[in-house]
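This one's a predicted model, so the numbers in the text were calculated from it and none came from an experiment. Only this structure's heavy atoms are used, side chains among them; waters, hydrogens and symmetry mates stay out. Numbers for residues simply follow the sequence, beginning at 1.
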Amino acid sequence: VVKMILVLMIFSWMTQGRLVRGEILAIKEQEFILAAKTSGMSSWAIILKELLPNVMSPVIVSVTLSVGGSILFEAALSFLGLGIQPPTPSWGNMLNNAQELIYSAPMLAVIPGLLILAIVISFVLSGVGDRLKSTRDYVVVFALADGATGIKPTSSVLLGGQPVGKVTKVSIVPTAS
């Protein structure tokens, strides 16, 4: 089982890495990062307090969507005899063992196959990642004394970004997406 987890990690980190890189490249050009730099925050503080919290939402969605692929990968390797070895139960092992009895007891192959299908589809369509992401997607709207408003990401406001001017009203609202 440990070897299977290592194989999954070795072959699936690249998608997450590209996603994080792209998000960081986009976020580091935003105004609140410039404000953090000009306020004197160190590079590490900007990374930990500004970049990482803003990168987490897309990463959470991507990771939850990749769970289904990981289940399929494990089942395929176990079916081929390269994954989890018997007597440890695995749907791939069940499908492999059912090959010999497919004509006399077809349900031995149908049930594990349908369960794999149901679990993978439920992870992809359930929207767990989107719901986890939506708990983080809020903005803080500041009404300033001069009548202007400033919209800042929640993590920036809570972790170091400050609005310019005297704040007369603060509202936390969900984003439009």
Residues 77-86, side-chain donor-acceptor partners within the protein, below 3.5 Å, at least two apart:
from: S78; atom 1: OG; to: E74; atom 2: O; distance (Å): 3.0
from: S78; atom 1: OG; to: E74; atom 2: OE2; distance (Å): 2.7
from: S78; atom 1: OG; to: I84; atom 2: N; distance (Å): 3.2
from: S78; atom 1: OG; to: S90; atom 2: OG; distance (Å): 3.3
from: Q85; atom 1: NE2; to: G81; atom 2: O; distance (Å): 3.0
from: Q85; atom 1: NE2; to: G83; atom 2: O; distance (Å): 3.0

| What closest approach, in Å, do S39 and A36 show between heavy atoms, and which atom pair accounts for it? | OG-O, 2.9 Å
| field | Smallest separation among heavy atoms of L95 and G113, with atom names | value | CD2-N, 3.9 Å
| message | Once side chain to side chain donor-acceptor pair (under 3.5 Å) is applied, what residue pairs with a partner in residues 94-106 remain, sequence neighbours excluded? | response | none
| task | Please list, chain by chain and in numerical order, all residues satisfying side chain to side chain contact (heavy atoms under 4.5 Å, CB included) with S62, sequence neighbours excluded. | result | Q16, L19
| request: Taking side chain to side chain contact (heavy atoms under 4.5 Å, CB included) as the test, write out the residues that go with V67, two or more places apart. | output: I71, F123
| task | Show which residues join L108 in its hydrophobic cluster (side-chain heavy-atom contacts under 4.5 Å, direct or indirect), or state none. | result | L101
| remark: d(E29 CD, I24 CD1) to nearest 0.5 Å is 12.5 Å
| query | If you measure from CD1 on I116 to CE on M94, what distance do you get to the nearest 0.5 Å? | reply | 9.0 Å
| request: Decide yes or no on side-chain contact (heavy atoms from CB on, under 4.5 Å) for I46 and K37, but give the supporting numbers first. | output: CA-CA 8 Å; I46 292 172; K37 286 179 185 175; 3.5 Å; yes
| Using a side-chain heavy atom cutoff under 4.5 Å and only I, L, V, M, F, W and Y, what cluster partners does M14 have? | W13
| task | List in chain and number order the residues that pass side chain to side chain contact (heavy atoms under 4.5 Å, CB included) with S42, two or more places apart in sequence or in another chain; answer none if no residue qualifies. | result | W44, A45
| said: The criterion is side chain to side chain contact (heavy atoms under 4.5 Å, CB included); which residues satisfy it with L34, sequence neighbours excluded? | reply: T38
